[in-house]
Number of protein chains: 2
Amino acid sequence: MFQQFFQFTDRYLRFSEKEKSALEDILIFREVPKKYPLLKIGEIAREVYFINKGCARMFYDKDGEEITGFFFLENMMLSGFESVLTRQPSQQGIETLEPCELVVFSFSAFEELHEKIPRLNIFTRKLLAERFVFAQKVVASLILDSPEERYLNLFQRQPKLLNRVPQHMLATYLGITPVSLSRIRKRIFDGK
Amino acid sequence: MFQQFFQFTDRYLRFSEKEKSALEDILIFREVPKKYPLLKIGEIAREVYFINKGCARMFYDKDGEEITGFFFLENMMLSGFESVLTRQPSQQGIETLEPCELVVFSFSAFEELHEKIPRLNIFTRKLLAERFVFAQKVVASLILDSPEERYLNLFQRQPKLLNRVPQHMLATYLGITPVSLSRIRKRIFDGK
DNA sequence: AGCTAACGTTAACAAAAGATAAGAAAATGG
DNA sequence: CCATTTTCTTATCTTTTGTTAACGTTAGCT
């Protein structure tokens with residue numbers, strides 16, 4: 001049931017069988033349909049998810065418009081991290097883009113588990129370090145690259161993503177409007 | 001010597017005297033002049049800094065131009081985090097903008113200390129969580145807000161910063177050119 | 001003090017993105 | 001399978017930003 005999740009954790013820290021079993025006690029397997037709201041804006045996020053299968057997105061609300069902040073694919077941890085880490089109402093919403101198989105756990109149970117399994121601190125530290133470095137790279141791309149360059153980067157690095165998510169969500173993720181992304185695509189693909 | 005640093009760490013975790021003394025063993029106090037390069041692009045970052053006094057910036061190189069990625073002020077941890085955490089040559093450069101009083105420690109010594117002081121994992125985890133949340137907020141601002149809004153936000157939240165750093169560095173930090181920031185400022189301040 | 005380099009502003013033009021609307025294509029849901 | 005959204009494209013117009021260059025000011029250096 002959770003072997004995919006533990007393959008993921010192995011990349012950061014190899015838990016003992018005893019530690020795994022303590023972790024399993026707080027894990028729940030859950031399937032949700034497409035367009036399922038895992039976190040609504042304004043709620044306090046209490047759960048963290050690991051995606052066994054499927055795809056989801058995090059988004060913000062800007063004057064009634066949904067602006068995508070991130071896409072989550074298989075084998076990624078997913079949550080309203082800002083809310084879960086600060087215990088404040090979430091500015092971020094989360095919804096599935098495909099039917100999803102999720103490993104779910106309550107963040108407070110996870111935090112408490114750090115007392116029982118001190119090595120969990122190492123895992124969480126490494127995970128956060130990786131997420132932090134990635135967030136820095138996203139910031140760098142936003143100030144260094146043009147929207148066109150960002151689209152081309154995505155096209156090269158995650159070509160499969162482009163076929164799994166609607167283009168207008170991709171546009172706001174790149175920091176531009178859907179109309180603008182359509183023009184950029186025309187500029188790129190007409191050129192050759 | 002290091003009391004300011006421990007006031008900072010107290011916000012995350014209260015270390016025992018014994019733990020503090022073990023930490024102090026790897027801390028060094030260092031003063032550096034203005035424009036001092038703490039990390040050159042291409043080098044592997046080995047040190048982490050805490051700013052007692054002064055101001056520095058992190059920057060990227062885009063086709064020979066320096067694009068500011070972040071400003072660091074008093075009571076902040078400062079490093080080429082991307083490089084130090086991945087052990088890869090740094091895409092990020094760091095230089096002081098004012099004469100600085102720094103608390104310096106080697107990152108590898110800090111990492112090793114986690115074995116000796118397991119509670120250090122908690123401190124580092126909390127610090128990384130905070131940095132991650134902040135980086136997320138920066139990403140959100142870059143995709144949600146216009147350059148003008150970002151400047152106004154900065155103007156309200158960190159008015160002192162604007163007088164401590166050159167305007168062209170602020171411009172690239174906001175993701176625009178110095179010329180454009182000059183126009184935005186005119187739009188804003190002429191309007192009233 | 002005087003020289004030089006760095007900095008901020010402004011102007012003129014080009015390029016790109018936003019806003020809005022209209023229409024075609026595709027997906028969705030009974 | 002049809003009707004209804006949703007999504008994507010295209011066009012027009014406006015606004016903003018980028019680019020380049022010129023100019024005055026300031027700051028730093030010797």
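The sequence lines fix the lettering, A, B, ..., with proteins before strands; numbering per chain opens at 1.
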To the nearest 10°, give me the bend of the helix from C:dA1-D:dT30 to C:dG30-D:dC1, comparing the axes of its five terminal pairs at either end.
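Nearest ten degrees gives 60° for this helix.
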Among D:dT17, C:dT9, C:dA17, the nucleotide that comes nearest once only the side chain of B:Arg183 is considered:
D:dT17
Using atom types as modelled, flag every donor-acceptor pair under 3.5 Å from a side chain in residues 28-36 of chain A to any protein atom, sequence neighbours excluded.
unit_1, atom_1, unit_2, atom_2, d
A:Arg30, NH1, A:Glu47, OE1, 3.3
A:Arg30, NH2, A:Glu47, OE2, 3.1

Could you check how far [atom1] of [X] sits from [atom2] of [N], rounded to whole Å?
X        : N      : atom1 : atom2 : answer
A:Lys186 : C:dA16 : NZ    : C1'   : 15 Å
A:Leu162 : D:dC8  : CG    : P     : 12 Å
B:Phe189 : C:dT10 : CZ    : C1'   : 17 Å
B:Leu181 : D:dT17 : CG    : P     : 10 Å
A:Ile143 : D:dT17 : CD1   : C1'   : 17 Å
A:Ile188 : C:dA16 : CD1   : C1'   : 14 Å
A:Ile184 : C:dA15 : CD1   : P     : 16 Å
A:Arg187 : D:dT9  : CZ    : P     : 14 Å

How about [X] and [Y]: are their ring centroids closer than 6.0 Å?
X        : Y        : value
A:Phe189 : A:Phe155 : yes
B:Phe2   : B:Phe105 : no
B:Phe134 : B:Phe70  : yes

Output all residues satisfying side chain to side chain contact (heavy atoms under 4.5 Å, CB included) with A:Val133, sequence neighbours left out; order by chain, then residue number.
A:Lys137, B:Glu82, B:Leu85, B:Thr86
For A:Ser141, which residues count as a side chain to side chain contact (heavy atoms under 4.5 Å, CB included) partner, sequence neighbours excluded?
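Result, side chain to side chain contact (heavy atoms under 4.5 Å, CB included) vs A:Ser141: A:Asp145, A:Arg150.
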Can you name the ring pair (Phe, Tyr, Trp, His ring centres under 6.0 Å) partners of A:Tyr12, sequence neighbours left out?
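So A:Tyr12 forms a ring pair (Phe, Tyr, Trp, His ring centres under 6.0 Å) with A:Phe8, A:Phe123.
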Among all residues two or more places apart in sequence or in another chain, which pass the salt bridge (charged side-chain N to carboxylate O under 4.0 Å, His left out) test with A:Asp10?
A:Arg14
Residues that A:Glu43 engages under salt bridge (charged side-chain N to carboxylate O under 4.0 Å, His left out), provided they are two or more places apart
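A:Glu43 satisfies salt bridge (charged side-chain N to carboxylate O under 4.0 Å, His left out) with no other residue.
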Side-chain heavy atoms of B:Leu23 within contact of B:Thr9, under 4.5 Å
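Contact flag for B:Leu23/B:Thr9 side chains = no.
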Please list residues of residues 164-178 of chain A whose heavy atoms come under 4.0 Å from any atom in DNA chain C, ordered by number; otherwise none.
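A:Gly175, A:Ile176, A:Thr177, in order of number.
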Contact list for residues 104-126 of chain A, test salt bridge (charged side-chain N to carboxylate O under 4.0 Å, His left out), sequence neighbours left out
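Only A:Glu19-A:Arg119, A:Arg87-A:Glu111, A:Glu111-B:Arg125, A:Arg125-B:Glu111 qualify under salt bridge (charged side-chain N to carboxylate O under 4.0 Å, His left out).
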Base-contact (B) and sugar-phosphate-only (S) positions in nucleotides 22-30 of chain D, heavy-atom cut-off under 4.0 Å, - elsewhere
------S--
At 4.0 Å (heavy atoms only), tell me whether A:Arg185 reaches a base, stays on the sugar-phosphate, or touches nothing.
sugar-phosphate
With sugar-phosphate meaning primed atoms plus P, OP1 and OP2, does A:Ser180 contact a base, only sugar-phosphate, or nothing at under 4.0 Å between heavy atoms?
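The answer is sugar-phosphate, as A:Ser180 gets under 4.0 Å only of primed atoms, P, OP1 or OP2.
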Closest nucleotide of DNA chain C for A:Ser146 versus for A:Val179: which of these residues is on the 5' side?
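Closest to the 5' end, via its nearest nucleotide, is A:Ser146.
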Could you tell me how the ring of B:Phe107 sits relative to the ring of B:Phe110: parallel (under 30°), tilted (30 to 60°) or perpendicular (over 60°)?
tilted
Got a sec, which hydrophobics cluster with A:Ile44, joining ILVMFWY side chains under 4.5 Å apart, including via others?
none
Which parts of residues 54-71 of chain B get close to DNA chain D, meaning a heavy atom less than 4.0 angstrom away?
none
Cationic N near anionic O, under 4.0 Å, A:Glu66 to A:Arg57:
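Between A:Arg57 and A:Glu66 there is a salt bridge, with a charged N closer than 4.0 Å to a carboxylate O.
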